[in-house]
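The shown structure was predicted, so the numbers you read here are calculated from the model rather than taken from an experiment. All values below come from the heavy atoms of this structure, side chains included, with hydrogens, waters and symmetry mates left out.
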Amino acid sequence: MNNLSTITIDTAAAGEERINPFIFGHFVEDIRDHMDAMLAFTLKDMDFEEDAASHGVSAGWYPVTNGKNTQYSLEPAAPKHSGHSQRIRILSDDRCYGGIAQRVAVKGGMTYRLQLVARAAIELKVLVCELVDPETGDQLGKAQLELTNHNWQTYEFELTALKSLDRAELRLLISSEEEVWRDSTGSGMLWIDHVSMLSEDSVGFVKREVVEMTRQLKPGMMRLAGNYISAYHFEHAIGPVLERPNLVNEAWGGWTNKYFGTDEFLAFCQATDTEPLICVNAGTGTPEEAAAWLEYCNGDESTPYGALRAKNGHPEPYRVRYWEIGNEIYGPWQHGHCTAEQFAERYIRFAEALKRVDPEVVLLACGDVDPAWNRALLSAAAEHIDMLTLHIYHGAATVGIHPGTPKEARYTAVSSFPEISRAIIGQAGELINSDTRYGHIKLAITEYNTMYYPNTIRKGLPNEHTLEAAVANAANLNEFIRQSNLVQIGSYSDLVNGWLGGCIRVGDHYADQYRGKIAGWSGKSQTVYGTPTYHVMQLYANRPIASVVPVQTECGSYPWEGSRPEFGLAASPLPTLDVAACLDDSKQVLTVFVVNRGLESEEVDIRALAFEQEQAVLWEIGADDYEVINSVFEPDRIRATERSLTLSDDGHLRVRLRPHSVNVLELQR
C-alpha cells in the first residue's frame with residue numbers, strides 16, 4: 001500500500017454493555033468421527049454392534065487363527081447389554097490358537113486400561129491379550145487372564161505398550177496347544193460381549209490432549225446439540241455405559257456414541273471450565289422428556305430424575321442454566337421439521353415444561369437467518385424466549401462459492417464474513433427493536449463457521465482449515481464483539497474433527513472422512529493439533545476484554561461481488577482492515593483486533609485517544625500463502641507469534657501488517 005492507513009480509538013467513549021465471554025464458545029456433536037477423535041478409546045466396535053462379515057466376525061474386527069476348524073459367529077449380547085456377543089470356538093484336536101484382532105494406534109510407555117466382558121467353556125482356562133507389530137511380529141505388550149466363569153464376567157487389566165506404533169495389532173486369543181479336552185457340543189467356546197482399551201492419561205473418557213487444548217481455548221460455553229439431537233433421547237445415554245443401547249445415528253449414519261452422554265458431557269465441561277448449553281430434542285421428543293432431562297441435570301435427590309442422577313454417581317445437581325429448544329427445525333433435513341407457526345406452538349409447550357422444573361433457566365429458541373421465520377416465532381412466543389438462535393455458515397450458502405470459483409475471487413468472497421453476519425444480525429436486531437414485547441431478547445449464534453461448499457461428500461484442499469478461513473473467522477469474531485450488546489453466545493462448529501470444520505484435529509483426517517486413505521496412513525494418527533482458526537480463537541478468547549470502544553478506520557479497499565440475493569448485499573468495495581477494540585474491566589488494558597483482509601501488506605498508524613502508554617505487545621497469525629494449513633506433518637506451521645512494539649514520540653503505534661493476517665495489539669497504561 002502506498003498510503004498510510006489509520007486506526008483511531010476513542011477510549012473515553014467505551015460502551016456500557018459488557019462483552020459476554022460466551023461469544024467464544026464451542027460446539028460438540030455426534031457427527032462422523034467427532035466422538036471417535038475426541039474420546040480416548042483406542043478400539044472401535046467395542047460392543048460388536050456391527051454385522052458379521054463372511055467369516056462370522058463383527059465387521060470392526062477380523063479373525064486370527066492357525067487352526068483349520070476355528071469357528072466364529074455373532075450371538076445375543078449379555079443380559080442388559082445391546083449389540084452382539086462374539087463367539088469363538090477352537091477344537092482341542094487342532095492344537096491351535098484362535099481369536100480376534102483389530103488394528104490400534106498406541107503410544108510407547110503408555111499404560112492402557114482394558115475391560116472385557118466374557119464367558120467361556122469350562123475347559124478354557126486362559127485368554128491372552130497381546131499387542132503385536134504386524135510387520136515385524138515383535139510383541140509390544142502382553143497380559144494373560146484367568147477365565148474364571150462359564151457365566152458372564154467382567155475382567156479388568158492393564159497393558160503397557162513398549163513402543164509407539166500407528167498400526168499395531170491387538171489380539172485376543174484362546175488356545176488348545178497345551179490344554180486337552182474332548183471336543184463335544186459345547187466345548188472350546190469363548191463369548192466376548194465387550195472389549196475396550198482406554199489410555200491411562202484420559203480425562204474421564206476424553207483424550208487428555210483434547211481437554212488441554214480446549215482449556216487453552218478458554219471457550220466460556222460448550223454446546224451439546226446438532227442435527228442428531230432431533231432424534232436423540234437422553235435416557236439412552238445415562239447410567240452404566242455397558243447397559244446403554246447401541247443406536248443408529250439417524251442424522252449422520254453409523255452408530256450414536258453411547259459413551260458420551262449427559263454425565264460425560266457435563267464432566268467434560270467441568271474439566272474444561274466451561275458453561276454447558278444443552279439443546280433438547282424438539283424434533284421427535286416431547287416437552288415431558290425435555291423436562292425430565294432438565295430435572296436429571298438440576299433436580300435434587302428428592303425428585304425422580306435427580307434421584308436417578310444420584311444413583312448414577314452424581315449426587316450434586318449440575319445446575320445447567322442454558323437450554324436450547326430445537327435445532328434447525330426450519331430445515332427439511334431435520335427430524336420434526338415444521339413451519340414457524342407450528343414451531344412457535346411447540347416451543348411454548350417445551351418452554352412452559354422446562355420453566356416448571358426450574359424457573360431460573362435461560363431458554364433459547366431455534367431461529368433462522370430468514371427473518372420471516374423469526375417474525376412468526378416472536379409474534380407468537382416472545383414472552384417465553386430469552387435468546388433467539390441463528391446459524392451462520394459462510395461460503396456456498398451466502399456468497400455462492402463453489403469448487404470452480406477462482407482462487408482470488410474465493411478469497412475475497414469468504415473474507416466478507418463480517419458483512420454477511422452484520423446483515424443477518426441487523427435483520428434480527430430490527431425485528432427485536434420493532435416491538436416492546438421483544439426488547440428483552442438477545443441473540444445466540446449457536447453455530448457458525450466458514451463452509452465453502454455444501455457439507456457433503458467431497459475431497460481436495462480442506463479450505464475450512466486454511467489461513468484464509470482463519471482470517472474470515474477472525475473478522476467475523478470482530479463483528480460479534482462489535483455487536484456484543486445483542487450477541488451473547490457464539491458456538492464455533494465443531495470442536496474436534498467431525499465435519500471439516502473441527503478446529504482441534506486428531507490424526508490425519510484433515511480431508512473429508514468419507515474420502516481418502518484409512519486412519520493411520522500418515523503414521524501420525526495420534527498427533528493432536530489446532531487449525532489456524534483454533535489459534536485465532538485461542539488468541540481472542542484469552543484477551544482481557546470487557547467493553548467495546550469506538551474505532552474509526554481509514555484504509556484501502558478491495559472489490560467484492562456481493563452476497564446471494566436473499567442476503568441483500570450488492571457488489572461493493574470492502575475495507576481491507578476489519579478492526580474492533582476493547583477495554584478490560586479496570587480500563588487499564590486496551591486490546592485492538594486488526595484483521596488485514598487485503599492481499600498486500602499494509603502500514604498502519606494506530607492512535608489511542610485518552611490512553612497513555614509507552615509499549616505494546618503484538619500477536620500475529622499469518623503466512624505468505626493464505627491456503628496454507630496445519631497438518632500432522634506440520635502441526636505448528638500456523639500459530640500466533642508475539643513481539644513488543646515501541647510507541648513513536650507522538651504517542652502513536654506504527655506497524656506493518658502482513659497480507660491476509662490476524663493481528664492483536666495489547667496496550668497497558
Side-chain angles (χ1 to χ4, degrees), residues 7 19 21 23-26 216-220 392-395 398-399 410-422 425 445 448-452 463-484 487 490-493 501 503-504 530-543 545 548 551 553 555 558 574-582 591-599 601-602 604 606 617-623 625-630 637-642 655 657-666:
I7 297 173
I19 298 168
I23 64 172
F24 302 118
H26 285 264
Q216 292 170 28
L217 283 171
K218 202 175 180 180
I392 307 176
Y393 287 104
H394 178 56
T398 54
V399 287
R410 185 199 69 224
Y411 174 83
T412 57
V414 80
S415 63
S416 68
F417 202 168
E419 281 74 21
I420 293 294
S421 290
R422 190 177 310 135
I425 294 168
I445 317 298
Y448 74 92
N449 201 347
T450 55
M451 185 182 284
Y452 285 75
N463 296 104
E464 286 84 3
H465 300 196
T466 61
L467 173 61
E468 174 185 292
V471 167
N473 281 314
N476 186 60
L477 285 174
N478 286 355
E479 187 63 27
F480 287 1
I481 291 169
R482 290 188 291 261
Q483 302 269 9
S484 58
V487 176
S491 299
Y492 177 83
S493 172
C503 67
I504 297 174
T531 66
T533 293
Y534 171 90
H535 292 288
V536 165
M537 299 201 71
Q538 180 189 21
L539 181 59
Y540 271 57
N542 281 277
R543 306 280 65 79
I545 60 176
V548 178
V551 175
T553 304
C555 62
Y558 62 95
L574 297 182
T576 54
L577 300 183
D578 189 285
V579 186
C582 309
T591 303
V592 188
F593 302 96
V594 187
V595 180
N596 181 9
R597 300 188 288 182
L599 293 174
S601 62
E602 191 137 354
V604 183
I606 302 171
V617 176
L618 173 68
W619 290 273
E620 177 191 79
I621 296 175
D625 181 359
Y626 54 77
E627 287 191 329
V628 296
I629 65 172
N630 291 338
R637 185 174 183 181
I638 302 293
R639 63 185 307 122
T641 59
E642 178 183 343
V655 60
L657 304 179
R658 298 175 72 175
H660 40 76
S661 64
V662 179
N663 309 272
V664 178
L665 282 154
E666 187 173 279

Look only at the side chain of [X] and the backbone of [Y], and say whether a donor-acceptor pair between them is shorter than 3.5 Å.
X    : Y    : result
E627 : T466 : no
H394 : V414 : yes
Y411 : R597 : yes
N630 : R637 : yes
N596 : S601 : no
S484 : I481 : yes

For a quick test of reading the model, state the closest non-hydrogen atom pair linking Y393 to S493 and the distance between them.
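That would be OH-OG, 2.8 Å.
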
inquiry  = We want to know whether N476 and S421 form a side-chain donor-acceptor pair, criterion being a heavy-atom distance below 3.5 angstrom.
reply    =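 S421 and N476 do have a side-chain donor-acceptor pair below 3.5 Å.
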
Judged by modelled atom types alone, do Y540 and N478 share a side-chain donor-acceptor pair under 3.5 Å?
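Distance-only check passes for Y540 and N478.
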
- Does the side chain of T450 reach to within under 4.5 Å of the side chain of E468, using non-hydrogen atoms?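 No - every pair of side-chain heavy atoms lies 4.5 Å or more apart.
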
Quick one, I445 and F480 - any side-chain contact, counting heavy atoms below 4.5 Å?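 Contact flag for I445/F480 side chains = yes.
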
Criterion side-chain contact (heavy atoms from CB on, under 4.5 Å) on I621 and L467, from CA distance to verdict = CA-CA 8 Å; I621 296 175; L467 173 61; 4.2 Å; yes

Query raised in the report: Is the closest basic N to carboxylate O distance between D578 and R482 below 4.0 Å?
Result: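 Salt bridge: yes.
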
Identify the residue among L657, T533, I638, V536 that makes a side-chain contact (heavy atoms from CB on, under 4.5 Å) with V662.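 One option only clears the test, and that one is V536.
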
Quiz item: When rounded to the nearest 0.5 angstrom, what is the spacing between CD1 in I19 and CZ in F24?
Solution: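 The CD1 atom of I19 sits 7.0 Å away from the CZ atom of F24.
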
Roughly how far, to the nearest 0.5 Å, is the CD atom of E479 from the CZ atom of F417?
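With rounding to 0.5 Å, CZ (F417) is 10.5 Å from CD (E479).
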
